[in-house]
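Below, chains carry the letters A, B, ... as their sequence lines are ordered, and counting in each starts from 1.
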2 protein chains.
Amino acid sequence: MTRLRADNPQGARQALAERFRAWSGSEFDLSRCPVRGVLDRLGDKWTTLIVIALSQRPHRFSEVCRAVPDISKRMLTQTLRDLERDGLIARRVFPTKPPTVEYRLTELGESLLEPLVTLIAWAEGSQTRIAAARSAFDAASAAA
Amino acid sequence: MTRLRADNPQGARQALAERFRAWSGSEFDLSRCPVRGVLDRLGDKWTTLIVIALSQRPHRFSEVCRAVPDISKRMLTQTLRDLERDGLIARRVFPTKPPTVEYRLTELGESLLEPLVTLIAWAEGSQTRIAAARSAFDAASAAA
DNA sequence: AGACCAGGTCTTGATTGTAGACCATCGAAA
DNA sequence: TTTCGATGGTCTACAATCAAGACCTGGTCT
């Protein structure tokens, strides 16, 4: 199987063509689509911020709470659980008097940092163009 | 400003550290975080599949409908609009007898393919490990 | 006329995300 | 000794979002 490559735009298109054919073959089983699962997780508003925070060093529960502003404890707990379930972070409990719980990225979690940085780089490089497109679109919509 | 680099795991961590400090500086304005906007869009279940479909060639509305299984017309319309608003795809109407509408990636949309392929490659390479982690986690949860 | 297609919009539930209150334990302070 | 705050959560209720399917506006074919 050919490896996915993203050396250049053409390569990206061809790599996608290949994946696309593979997925469309037979009958596109959604459960076999790994992108869906990953993007669902990454897209859920807090995951990325938590991963970024943990990429710096292990955090305790309340450290993450402070590092990620506006997140509720409810959502923090749930997001950490999901991340732990997927093997991206590890949870360790120390039996201190006020219990200490530490969360850290696993090796798998660290391997996610590279694609994530690629995406962040794109986002930062494209944000002005996206903002411009939005303004133009909204202006055109308002006119009509 | 230093460019984000992802040549290696250390680089990824350092690049994130840099971004993280930049964002945390002053008071972390969420609207200034471009990643959030991008991931919200990518994470919304259909966007990625549509972008992948359009990466192969321009599609008509009903072609996309057939290419992306199980999407309702409602969601397809909405997702295409959002994508168009962000300047990632372009919509062109041809005044044929039954009107023909074509959707294609813009240059900006094509530039998204590279980070997307990077992410897909990670997802494909990691899916077995993620599945294993999930099984282990669920087994441990069931035991408790 | 009746049936069909394109390219949508609208209405109406079901699913999911989120906030904020609440809980149990411990140590320190008053 | 009562109260306070911190830690690491859970529970409940509400709101936004998703999705299905009916409906609409042309136009063409038969």
Side-chain angles (χ1 to χ4, degrees), chain A residues 28 30-31 33 36-51 53-54 57-86 89-104 137 140-141 144, chain B residues 30-31 33 36-37 39-50 53-54 58-86 89-104 137 140-141 144:
Chain A
F28 199 82
L30 284 182
S31 64
C33 174
R36 178 66 63 90
V38 170
L39 287 175
D40 278 0
R41 186 131 324 297
L42 258 51
D44 78 351
K45 188 167 190 177
W46 301 115
T47 297
T48 309
L49 293 174
I50 291 175
V51 168
L54 293 185
R57 57 179 167 75
H59 280 60
R60 300 181 56 177
F61 183 89
S62 45
E63 282 179 314
V64 184
C65 220
R66 285 185 290 269
V68 181
D70 300 330
I71 191 173
S72 66
K73 286 192 283 189
R74 169 82 160 80
M75 287 314 297
L76 181 53
T77 301
Q78 182 180 308
T79 308
L80 288 171
R81 284 271 184 287
D82 289 343
L83 247 18
E84 187 193 359
R85 187 170 110 94
D86 285 353
I89 67 175
R91 179 180 188 269
R92 283 205 303 169
V93 183
F94 300 94
T96 51
K97 335 308 168 42
T100 300
V101 181
E102 179 196 86
Y103 297 91
R104 61 165 66 231
F137 185 92
S141 302
Chain B
L30 284 181
S31 64
C33 174
R36 179 65 64 89
L39 287 175
D40 277 359
R41 187 132 322 296
L42 259 50
D44 77 351
K45 189 167 191 179
W46 301 114
T47 297
T48 310
L49 293 174
I50 291 174
L54 293 186
H59 280 61
R60 300 180 55 177
F61 182 88
S62 45
E63 283 179 315
V64 185
C65 220
R66 284 185 290 268
V68 180
D70 300 331
I71 191 174
S72 66
K73 286 192 286 188
R74 169 80 160 79
M75 289 312 297
L76 180 53
T77 301
Q78 183 181 307
T79 308
L80 287 171
R81 284 270 184 286
D82 289 344
L83 248 18
E84 187 193 359
R85 189 171 107 96
D86 286 353
I89 67 176
R91 179 179 188 270
R92 283 205 304 167
V93 182
F94 301 95
T96 52
K97 337 306 170 43
T100 300
V101 181
E102 180 196 85
Y103 297 91
R104 62 166 66 231
F137 185 91
S141 302

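Projected onto DNA chain C by closest heavy-atom contact, B/Arg81 and A/Pro99 fall at different nucleotides, the more 5' of which corresponds to B/Arg81. Both A/Phe61 and B/Ser72 sit near DNA chain D, but only A/Phe61 has its closest nucleotide nearer the 5' end. Nearest-nucleotide assignment on DNA chain D puts the 5′-proximal partner with A/Glu102, out of A/Arg74 and A/Glu102.
Under the rule for a side chain to side chain contact (heavy atoms under 4.5 Å, CB included), the partners of B/Arg85 that lie at least two apart in sequence or sit in another chain are A/Arg134, A/Phe137, A/Asp138.
A close approach under 4.0 Å does not occur between any side-chain nitrogen or oxygen of A/Thr77 and OP1 or OP2 of D/dG9. Contact annotation: A/Arg91 reaches the phosphate of D/dG9 (side-chain N/O to OP1 or OP2, under 4.0 Å).
When the options B/Asp86, B/Thr79, B/Thr48 are evaluated for a side chain to side chain donor-acceptor pair (under 3.5 Å) with B/Arg41, the one that passes is B/Asp86.
A/Arg66 has its CZ atom 12 Å from the C1' atom of D/dG8, to the nearest Å. What separates CD1 of B/Ile71 from P of D/dA19 is a distance of 8 Å, to the nearest Å. Atoms CG (B/Leu76) and P (D/dA19) sit 12 Å apart, rounded to a whole Å.
Chain A approaches DNA chain C over the interval C/dT18 to C/dC26, counting the first and last nucleotide 5' to 3' with an atom under 4.0 Å from its heavy atoms.
To the nearest 0.5 Å, atoms CZ (A/Arg81) and CD (A/Gln78) are separated by 10.0 Å.
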Could you go through the side-chain contact (heavy atoms from CB on, under 4.5 Å) check for A/Glu63 and A/Tyr103 one step at a time? CA-CA 10 Å; A/Glu63 282 179 314; A/Tyr103 297 91; over 6 Å; no
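A distance-only check finds no donor-acceptor pair linking the side chain of B/Thr100 to the backbone of B/Phe94 [under 3.5 Å].
Among the protein residues, B/Tyr103 comes within range of the sugar-phosphate backbone only, with heavy atoms under 4.0 Å from sugar or phosphate atoms but none that close to a base.
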